Asker: 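Structure below; questions to follow.
It should be emphasised that the depicted structure is a prediction, and the values quoted were computed from it without experimental measurement. All residue numbers refer to positions in the sequence shown, counting from 1. All ligand and atom numbering here is 1-based and tracks the order in the structure. Side-chain atoms are counted along with the backbone in the values below, which use heavy atoms only and exclude waters and symmetry mates.
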Amino acid sequence: MRHLISGVTFNQSAMIREILEYPDPRLREVAKPVAEVTPEIQALVDDMAETMYAAPGCGLAATQLGIPHRIFVVDCAAEDEPSQLLAFINPEFIEKDGVQTWEEGCLSFPGVTEEIKRAERVKIRALDRNGKSFEIEADGLLAVALQHENDHLDGVLMIDKLSALKKRMMGRKLAKAKQDDARE
Ligand code: K1U
Ligand code: ZN
């Protein structure tokens with residue numbers, strides 16, 4: 001599959017990698033900043049995009065592949081829109097305001113969704129796949145995805161945002177989703 005990041009055509013030999021599932025301890029690692037955007041980092045970004053599209057999801061953090069680098073990819077375009085793939089290397093939020101609640105999924109918690117409260121609007125700075133600094137402002141689903149992915153880089157998972165009761169319910173939903181999956 002071919003996608004575009006900042007006008008650069010993706011590597012066609014990108015690989016689909018395995019996505020770690022909760023409670024894998026590697027999901028709790030705090031990722032380290034990328035020192036330099038090398039061809040190896042670009043190949044990892046390409047693999048992450050390929051893995052995200054294959055899942056399918058609208059975001060994926062390197063932590064979910066067991067790679068503790070501060071990198072994530074997102075594409076929140078609707079199915080009938082052209083893809084809007086963005087790669088974020090060493091992302092930092094510069095602004096956050098407002099509150100919104102979204103029914104979130106997570107590729108590391110297959111089969112479950114939960115309502116999570118997050119900032120409504122964000123401004124984020126990062127390096128792109130070419131190592132060039134950029135800033136974007138986002139609201140709605142993209143703002144949620146950016147916050148969800150950045151949490152992965154800090155080892156924070158959506159289950160951490162729930163009350164004790166909802167955590168227990170999520171544990172049961174996960175067990176049931178796993179059972180249903182094994183039966184299929
Ligand atoms: O990080 C992840 O686990 C991926 C996750 C990120 C996310 C984006 C936006 C809101 C909440 C969480 C997802 O991609 S959940 C959405 C999803 O599974 C999906 C999206 C589009 C098509 C098919 C599935
Ligand atoms: Zn997730």
Asker: Look at the rings of F134 and F88 and say which category their plane angle falls in: under 30° parallel, 30 to 60° tilted, over 60° perpendicular.
Answerer: tilted
Asker: Backbone or side chain, does any N or O of A61 fall under 3.5 Å from an N or O of ligand 1?
Answerer: no
Asker: At less than 4.0 angstrom from any non-hydrogen atom of L141, what atoms of ligand 1 do you find?
Answerer: 9 (C), 10 (C)
Asker: Short N/O distance, under 3.5 Å, between E104 and ligand 1?
Answerer: no
Asker: Counting both backbone and side chain atoms, is some N or O of S108 under 3.5 Å from an N or O of ligand 1?
Answerer: no
Asker: Below 3.5 Å, N or O to N or O, backbone or side chain included: is there any such pair between W102 and ligand 1?
Answerer: no
Asker: Which one holds for E149 and ligand 1: side chain close, backbone close, both close, or neither close, with close meaning a heavy atom under 4.0 Å?
Answerer: side chain
Asker: Would you mind finding which of A78, P110, G57, G140 brings a heavy atom closest to atom 21 (C) of ligand 1?
Answerer: G57
Asker: For atom 10 (C) of ligand 1, state whether the nearest protein heavy atom is under 4.0 Å away.
Answerer: yes
Asker: Between L146 and L86, is there a side-chain heavy-atom distance shorter than 4.5 Å?
Answerer: no
Asker: Provide the number and element of each atom of ligand 1 under 4.0 Å from a heavy atom of G59.
Answerer: 1 (O), 2 (C), 4 (C), 14 (O)
Asker: Under 4.0 Å from a heavy atom of H152: give me the atoms of ligand 1 that qualify, with their elements.
Answerer: 1 (O), 3 (O)
Asker: Are R121 and D97 close enough, and set up right, to give a salt bridge (charged side-chain N to carboxylate O under 4.0 Å, His left out), and what steps lead you there?
Answerer: CA-CA 5 Å; R121 283 172 298 277; D97 66 81; 2.5 Å; yes
Asker: Quick one: look at L107 and ligand 1, take heavy-atom pairs under 4.0 Å, and tell me if it's side chain, backbone, both or neither.
Answerer: both
Asker: Just to verify, which of L153, L27, L20, T51 counts as forming a side-chain contact (heavy atoms from CB on, under 4.5 Å) with Q64?
Answerer: L27
Asker: So between A55, C58, A143, whose heavy atom ends up nearest atom 16 (C) of ligand 1?
Answerer: C58
Asker: Ignoring hydrogens, what is the shortest heavy-atom contact between G140 and Q100? Give both atom names and the distance.
Answerer: O-NE2, 3.3 Å
Asker: With a cut-off of 4.0 Å, which atoms of ligand 1 are near a heavy atom of A145?
Answerer: 8 (C), 9 (C)
Asker: Is it the case that the side chains of T113 and E103 hold a donor-acceptor pair, with the cut-off being a distance below 3.5 Å and no angle test?
Answerer: yes
Asker: What is the minimum heavy-atom distance between A31 and T63, and which atoms define it?
Answerer: CB-OG1, 4.2 Å
Asker: Any non-hydrogen side-chain atom of L60 less than 4.5 Å from a side-chain atom of F72?
Answerer: no
